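Lettering follows sequence order; numbering is per chain, from 1. Everything quoted here is computed from the prediction, not taken from an experiment.
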Amino acid sequence: MTSETNASPTVLRNELKVLGALVVMLLVVEGVLQLGESRLSIDIQHMKSFGQIAQQLQSQDEAASLAAERQSASTVQSASQILFLGNSMTRYGLDQESFVRECSLTTGITPEVIALHPDNSRISEWYYLYRNFVAEQNRAPDILVVGFAMNQLCDAPSKTPDRIARYYGVGIDDLDTLSSEDLSNVEGWSDFACSRYSATYATRQRVERRVLSALIPSYKESSNLINNQSAPKELQGENVELTYRRLQDFLEMSSEGGTEVVLVALPTQDGYDLDSGLVDVCRGKVTLIDARIIPGVSPDMIPDGLHLTPEGAARYSTFLADWLPVQQLMARHDRQLLNNGNAVRVASEGERAAQ
Amino acid sequence: MLFNSFGFWMFFVVVLILYQQMKRRGQNVLLLVASYFFYGCWDWRFLGLIVLSTLIDYSVALGIAKAEADSRKRWLLLISMAANLGILAFFKYFGFFSHELGELLGAVGVPSMMPTLNIVLPVGISFYTFQTMSYTIDVYRGDCKATDNLLDFAVYVAFFPQLVAGPIERASKLLPQMLTDRKPTAVDFRDGLFLVISGMFRKVVIADNMAPLVNTIFAQDINTLSGWDVMLGTYAFAFQIYGDFSGYSAIARGISRWLGFDLMTNFHMPYFAVSPSDFWRRWHISLSQWLRDYLYIPLGGNRYGTLFTYRNLLLTMLLGGLWHGANWTFIVWGAIHGLLLCGYRLLGDERPQKENRPTFIQRIPNMVLMFHFVCFAWLFFRAESVTQAFGLLGQLSVWGAPSALAQTTFGMLVFFCVPLLLLEWWFDEKHDPLWLTQVRWELRAAVYGYLILMMVFFPPPVPAEFIYFQF
C-alpha cells in the first residue's frame, strides 16, 4: 500500500485514463444509437414519425370547412378522416385495405385512414400522443377509433416514461400531468430526463429485448409469463376498483376539436370482462364497440393471445367497418362543428353590437 | 434510498463534495447527519431505535471501562445484551413466536391468549444491533477501548454505507477510523471505483435479472413445475442472492473507500468453495466471523470434544438461520448448513495448506458438489414455507422436456452469470479479489466498459430492493 500511495499521481493518471476511455465509449455508443435508433425496431421508427404521420391529419379549420361543405352538399361522402389509435394490437389487427373497402361498400364513404399504434402503450401514453401531436397542433380527425383490451383504459402510471420522454413530444405543458400521474419520485424524473436526452438510455430496453430474443431460448414466451406474473394488480384487474380519470381527460381533449370518439374492445384469445366503470364513463359520451368476440375469428387467429394474424386482421377490420356507424358519427361531427362555428360567430356579432 | 438509484447518487455526490471541504470533526458531524437522513428516507420512525441503541451501548461501554469489579462489568454487559436483543426480539421475532405458540396451544386444545401485533420490521435492525453489541462485548473482553466521544461512536453505529445491510463491522476496526483524520488517496479512488462498478453490475445485471425468473418459478403451482424448473430456478436464486448481497457489500466498501474508510471484505467468491467451512469463510464473512467469535467460541467451540463441537456448530448455524428472519424456512436453512459443517467435519474437512492448495481444475468436482449443497439449502431459504420447499424437492423426480421458462432461465444463467464466474475465476487464480486494479489501464477500461454496457443495456424489468434489507 505504501509503494502504491507513493505512486499516487500515476494511479490517478491511469484512473483518469480509464474514466476517459469509458466516457469515449459511451459517447460512441450514443452517437451510433442517435444515428441508427430507427433501425432498432419498426416500433421506434413508427414513434419517431409520429409528427410526420400526424401532419396527414386535417387541421381544425379544414375540418370545419369540410363539414360546412358536406352540410351544403347534404352528403357525408367527401373526405372523412379516421384516426386509429392503439398499440401493437391495433398494428396487427387493423387491415386498412379491408376496412376501407368494407366501409366504402356499406356506407358509401371512403375514409382516409391514419394510424398511430406505438407498442406496449395504453391510455397513459395515448393521452400524451394525442395531446402533443394532434390536439396541440390544432389537428382533428373526424373520427377517432381507440382500440383497447382488458384494462388498458384505466388509470395507472405509464410503464414506459422513457418512451414518453423521447418520442411523445412532451414539453413544459405536460409537466403537471407527468408529475401527478406518471412520475412520482426522483427515480421517475431521473429516468425521464436521461431518456429525453440520451438515445442509449431511451432505447436500452429495446436493445435488451432484441439481444435476448436472439440469444435466449423461448425468451418471448417466458417474458409473457413473467410479465403476467409481475403486472400490477390494477392491470390484472384483481379486486381493485378501477378509475378512468385520464380517459375522461382524454375524451374531453379529443372532443374539443369536434372529433367523434369510438372505443373498440379488441379480441384476445382468453377473452376478458368489460369493466362496468368503463361502460359508465362511455355512456352518452362516446361510442363503444364490443369486438371481443368476432364471428369467424377463431383462437388460432390470435396465436400469442393478443395479436391477430393477417387473416384475423382482415375479419376484424371488416367487422369493424360494418359496425362503425360512420354516417351517424360524421353527421353528428359536422353538426357539432357547425354549431361551434355559429356560437363563435354570434359571440363576435354580439361584441360588435356592444361596441 | 437504494444504492442503485439516482436518488442515492445525488445524495452521495452532495455528501462527498461537502465532506472534502471539512476537517475530521466536521466530516463526522456530516456523516452522522447524512446517515440519519439516509435511514430516515427508509422510515424516519425507526431513527429513535438507532439513537436508543447508540446511547445504551455508548453508556454501558463507558460504564464497563470505568467499573473495577467483574460482577459490575458483567451486569452492565447483561443490560446491553438484554436491551439490544430485546429490541431485536420484539421487532423481529415477537410475531413469529406468538403465532407459533398460538398454533401449538391450539393444537392441544388450549385457546391462545397471545396478542397479535402487526409489527413493521425496521430496515437493517439485525445489522446495526449486532454491530453495537460487538462493541460492548469487545470492551467487556478488553479487545477494544471504550470511546468517550458520543459523536464518533454514533457515526460508527449509523455509518450510512453499511447501515442497512452490513458488513457488520467490528469496533476495533471501524471505530479507530472514525477517530483519525481521513484523506482518501488515488488508490482509494481506484479501488472504490472497481468495487462500485463491480457491485453495481452484480446487483443490477445479475441479481435483478435473475429475480423475475426466480419469482415466477417460485410462484407457480408446484404440480406444473418439472425438475428442470426447480433446479434452474434454484440456481438462478443462488446467483440472485449472491449478486444482490455481495453487490451491496461491494458498493458499500467502494463508497466508503471514497470517504477514506476501509470496510471489511464480506464476500470472497463463495461459489468456488470446496467445503462448508470454506463456504463460510467466503459468504457473508462479517456475520460468520461474528457468529464464530460471539457465539460458537463462547459456547465452547471445538474445545470440549467431538459431540460438543457438533452441538456448537448446529446451534450456531440454527441461530444464524434465525438471524435472517422469523420463519421456519430460515431455521431449516441454518440446520442444513449446520449438518453440512458437521458432516464434512466427520469426514475430515481440513483447511488445505497454502502450498498444497489444489489447482482450480482439481477443485472443480468439490466446488460443484458444494455448490449443489448450498443450492439445496437455498431452496428452503427462498421458499415461502417448508411445505413448499418439500413440494419443490418432490418435483425433482419429474423430468421431461424443459419448459419454456426453464430454457429461458438456463439461457439467462449462461448469458449473465458465466461471464461473472469467469471474471471471478481470473481473480481467484491471481489470489487477489481486487486484481483488476493491478492490470494495465486499457484492460481495466475494457472490463469496466463491458460491465457498464451490461448495466446500461440489460436493466432489470423491475428494479428490486436489496434482499438483505429485510434481515
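Ranked by heavy-atom pairs shorter than 4.5 Å toward chain B, the options Val186(A), Leu26(A), Val29(A), Asn14(A) are led by Asn14(A). The most heavy-atom pairs under 4.5 Å with chain B, out of Leu212(A), Thr203(A), Leu19(A), come from Leu212(A).
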Intermediate values then yes/no, side-chain contact (heavy atoms from CB on, under 4.5 Å), Phe415(B) and Leu215(A): CA-CA 8 Å; Phe415(B) 184 75; Leu215(A) 297 179; 3.6 Å; yes
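Under 4.0 Å is where a charged nitrogen must lie from a carboxylate oxygen, and between Glu442(B) and Lys17(A) no such pair does.
Looking at Phe189(B), the atoms closer than 4.5 Å to chain A (heavy atoms on both sides) all sit in the side chain, from C-beta outward. Only the side chain of Leu33(A) comes within contact range of chain B, with at least one heavy atom under 4.5 Å from a heavy atom of that chain. Heavy atoms of Asn185(A) lying under 4.5 Å from chain B are absent altogether. The contact between Met455(B) and chain A is made entirely by backbone atoms, counting heavy-atom distances below 4.5 Å.
Atom CH2 of Trp441(B) sits in a crowded spot, with more than 12 heavy atoms from other residues, nucleotides or ligands closer than 6.0 Å.
Distance CG/Leu405(B) to CG/Asn224(A): 11.5 Å, rounded to 0.5 Å. To the nearest 0.5 angstrom, Phe457(B) atom CZ is 5.0 Å from Thr200(A) atom OG1.
Of all the heavy atoms in Leu22(A) and Gly449(B), the pair that sits closest is CD2-N, 3.5 Å.
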